[in-house]
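The block underneath contains the structure these notes are about, expressed in structure tokens.
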Amino acid sequence: LLYYLISSQDFLVPSLCIRVMDAATAADISAFHEEVSKEIITEAPSDAWHQPQPDDLVILEYQGPAGANRCSRAWRVGSTGAPPLVAGLNLDLCVRTMRRGECSTMRSKKLEDASPVTLQLHSLEHSEDMFGDGCVTRTVLEGGKGWQTPQPGSEVIVRFGWHSMDEAANPGTAQNGEHAPLEAESLAAATAEEAAEEATSDGVATEILLGGSTESIATLMMSRALKDLQRLLLARLHGAVVARATHIGDGADSASIAASEGVVLKVVSASGKELVSDVAGMSPVAALEKLRGLVGPAPGAAGRKPREVVVTIEEDGCSCDAEDWIPGKYGMRILSDLRTGQRCLVHLSSDVGQGKAMGKLEYDIELLKIIKLEDISLDKQGKLVKKLMYEGNGYERPTDGAEVTLRVEACDESSGADLLESRELQFSAASGRFCTAIDETVLTMKKDQVCEVRCSDPTALVDDELQLHKANRAVVTLTIELLSFEKIDINALEEPERVAHCTRRKEVGTTFFQNGSWRRALKRYQHVTSLLAYVDHWKEENCKTTAVMLRRTCHLNAAACWLKLEVWPEADQSCKQVLREDPGNVKALFRRGQALNNLGEYREAGQIIRRVLEIDPDNKEAQRMLARLRQAAKAEAQQQKGMFSRMAKGIVEDSSADATGVAAGEDARSGEAVQAAAAGGGSGSQAVVAEEEEDDSIPLWCWGLASVLLLGSTLGVVAYMRRRR
């Protein structure tokens, strides 16, 4: 496996492309460190971990000895476009020791009087095959910011444009913006000849001559526009592309150029042919437009200018309203590990998307923003979805009961009709004054955060003040901005204040429970139990005792909420929390018996209910439940006896088909009996309680007999198979 990975030269480790350095390159780098002294002036960003490897495109700015002109060179590492020696330095090797954004000073040790050379790596572009089949190739042009990447369920805003690279498939006219031909028609005809010259030239490069002040030229060399111009010239003419400052002659125009921002004066091919020029100077974008027929798509090529769209990331693909977006898994894979601000070029083969009709395509994609979608509905059914529009400030969020001030407005999603004009509200968070869509959402927000809440649950809009539920709309979109909130540091509260806060939240939960809002009540009870989870170290005994009782009550109430919601395992766990402290708590025992009954644990539930009747013999509900549990346990025991008897019979002799059918019918009737006994009640419960307890368990000798028969039959089969051999 290791040999295969190394021999393939490229392999993926957690979505990062790691390439193996060949022996010759490794030897060159080792010799480089012995012959060159290097001092790092500015470290590369922490996310720029990759160093240039052969065939990577790099844009390196370097300043030679004093008096030498500053220049920026674009070439592919290890190609014929590598720069010549500068002050005894092989820049093609020097750049392989750097990372994107790094600025270093290097000096040759072999020359005694060698001057130091300042190098800054502006760009490092590595192409990767996204699926290993050549269908989709991506080249990341610029680094991003932050750490978040698009995840399934989120939306992203991207700016993308594209053009066809297959001239044979291009229609006669372009889509949404035609590409203007070169002003000099002869340039297009000379392209092929010049490209051949560039491919064979030894370090001879196409030159971009810049004008302006020293500061403006330095800024221009780091600009995106100039990098784009260098990249496209290199793609078409090969070799290398050098951007450098040039001497400006005398005259009024020269003075204005020197005082203005950095400009492009002319572009000259390696053969000395002037491709484009402007005495007054032009921006790199303008130069690119003039060179479009040479370095960009051919005149009349299909394409579309960049525009912004919203892309929804899904589990197995992505979707977008734009028909020309990269479809399905291809679009998702391209965006999956990009960060905000990253830009990439993507080449699609004719087998992907609209390339089937237009041939090979090149997409220019920039990830502008990641919009996080969060399901904030209490039942996690996706009926209340929060879309983050502005992140907000800080990290703190309102706690239960904090005073908040927010601005809210609402509209119908389908028609866009306003249902609630912008209104400022001030209230106590999660206290029931406003609907769930507002009351619970505010707990997830930070100061100055703006979000859109898509609500498809009419019950989440019910309140007496805003009355949004009366609009009777299928989906309502609320825009909420949290202006301010009261900061409550629970851990900093004194013990009496903490108990008072928890008592208020418990009362709010009780109100929710009485109104049938069991999930909202549950959240309040869980808030209290989490705050009072550790009180053993409290100093005031009265507060400590009150806190323990309050915590116990909230656990019991949480169990009641879970029972209402029919989440039996959680109800069982809440009751266990109470029984650890108070093993004789009747409410906890009874509610745990209810949970176990619904989980099918009839015998354990029966034992717990008997414990309830020992403590409270007059508990009518416990008496009725015990009667139902006995019937269910008896039916279950009969079903198990039938199963083991058939197992034993099947081991001794083969069962006929008719006998199998009868047994299946008995199983069905036994199962129905268990369900009926668990669900239905019975009369004469007093007599059932009074009668002597019966042991419905299967006798141990039945289990022993079944085990012996099973073991004996297994040994017999083994012996028979050996004898046949």
Side-chain angles (χ1 to χ4, degrees), residues 153 371-410 423-457 459-463 465-466 468 476-493 498 500-513 515 517-533 554 557-558 561 565:
I371 302 176
K372 182 180 179 182
L373 299 181
E374 180 183 0
D375 183 2
I376 57 174
S377 56
L378 297 179
D379 58 359
K380 299 304 177 184
Q381 297 298 312
K383 295 183 178 181
L384 202 64
V385 178
K386 172 185 172 185
K387 178 191 290 188
L388 189 61
M389 307 304 295
Y390 177 69
E391 181 67 27
N393 300 316
Y395 298 94
E396 295 180 330
R397 292 175 171 83
T399 187
D400 270 32
E403 290 294 322
V404 299
T405 303
L406 56 81
R407 184 180 294 112
V408 61
E409 58 185 63
R423 182 185 300 185
E424 189 171 306
L425 307 177
Q426 185 173 2
F427 59 97
S428 179
S431 296
R433 178 181 168 186
F434 293 105
C435 60
T436 303
I438 296 176
D439 222 7
E440 300 296 338
T441 301
V442 72
L443 298 178
T444 68
M445 300 179 67
K446 298 186 291 187
K447 186 178 183 300
D448 297 327
Q449 186 177 106
V450 181
C451 67
E452 286 185 359
V453 179
R454 183 181 185 273
C455 181
S456 57
D457 181 11
T459 61
L461 298 172
V462 176
D463 64 46
E465 190 167 338
L466 301 180
L468 290 171
V476 175
T477 301
L478 298 95
T479 303
I480 303 175
E481 179 184 3
L482 181 57
L483 302 177
S484 64
F485 64 89
E486 175 190 11
K487 296 181 180 180
I488 301 177
D489 187 357
I490 300 296
N491 296 324
L493 294 178
R498 190 179 302 189
H501 170 81
C502 291
T503 301
R504 290 192 297 270
R505 302 319 298 163
K506 178 254 180 186
E507 292 172 353
V508 170
T510 302
T511 302
F512 283 140
F513 187 89
N515 294 334
S517 300
W518 298 313
R519 290 196 180 273
R520 297 191 72 182
L522 176 63
K523 195 171 181 180
R524 309 290 85 79
Y525 296 140
Q526 290 175 331
H527 174 73
V528 174
T529 56
S530 64
L531 292 181
L532 301 179
C554 286
N557 293 348
C561 292
L565 296 168

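Being a predicted model, the structure only gives us computed values, none of them experimental. If you read the sequence from its start, that first residue is 1, and numbering goes on from there.
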Asp463 side-chain N/O to Glu465 backbone N/O, donor-acceptor pair under 3.5 Å = yes
Under 3.5 Å donor-acceptor, Glu452 side chain and Thr479 backbone = no
ask   = Between the side chain of Glu486 and the main-chain N/O of Glu403, is any donor-acceptor distance below 3.5 Å?
value = yes
key: Main-chain N/O of Glu440 paired to Thr444 side chain as donor or acceptor, under 3.5 Å   = no
request  = Please name the pair of heavy atoms, one in His501 and one in Asp400, separated by the smallest distance, quoted to 0.1 Å.
outcome  = CE1-O, 3.2 Å
query = If you look only at pairs with a residue in residues 374-399, which of them pass as a ring pair (Phe, Tyr, Trp, His ring centres under 6.0 Å), with sequence neighbours excluded?
reply = none
query = What pairs with Phe427 under ring-ring contact (aromatic ring centres under 6.0 Å, His included), at least two apart in sequence or on another chain?
reply = Phe434
query = Can you list the residues that meet the salt bridge (charged side-chain N to carboxylate O under 4.0 Å, His left out) rule with Arg519, with sequence neighbours excluded?
reply = none
message = The criterion is ring-ring contact (aromatic ring centres under 6.0 Å, His included); which residues satisfy it with Tyr525, sequence neighbours excluded?
response = none
Arg454: salt bridge (charged side-chain N to carboxylate O under 4.0 Å, His left out) partners, not counting sequence neighbours = Glu413
message = Treating Ser431 as the side-chain partner and Ala429 as the backbone partner, does any N or O pair qualify as donor plus acceptor under 3.5 Å?
response = yes
request  = Could you give me the CA-CA distance, side-chain angles and deciding distance for Glu481 and Met389, then say whether side chain to side chain contact (heavy atoms under 4.5 Å, CB included) is met?
outcome  = CA-CA 10 Å; Glu481 179 184 3; Met389 307 304 295; over 6 Å; no
remark   = Applied to residues 371-381, the salt bridge (charged side-chain N to carboxylate O under 4.0 Å, His left out) test, sequence neighbours excluded, yields none
ask   = Any idea which heavy atoms bring Arg498 and Ile490 closest together, and the distance?
value = NH2-O, 3.3 Å
inquiry  = Looking at every non-hydrogen atom in both residues, tell me the closest pair between Thr405 and Glu424 and how far apart they are.
reply    = CG2-OE2, 3.7 Å
query = Can you name the closest pair of heavy atoms from Leu522 and Ala558 and give their distance?
reply = CD1-CB, 3.8 Å
inquiry  = Taking Arg520's backbone N and O only, do any of them form a donor-acceptor pair with Arg524's side chain (distance below 3.5 Å, no angle check)?
reply    = yes
ask   = Do the charged groups of Lys447 and Glu396 touch, with an N to O distance under 4.0 Å?
value = no
key: Side chain Asp448, main chain Gly392, donor-acceptor under 3.5 Å   = no
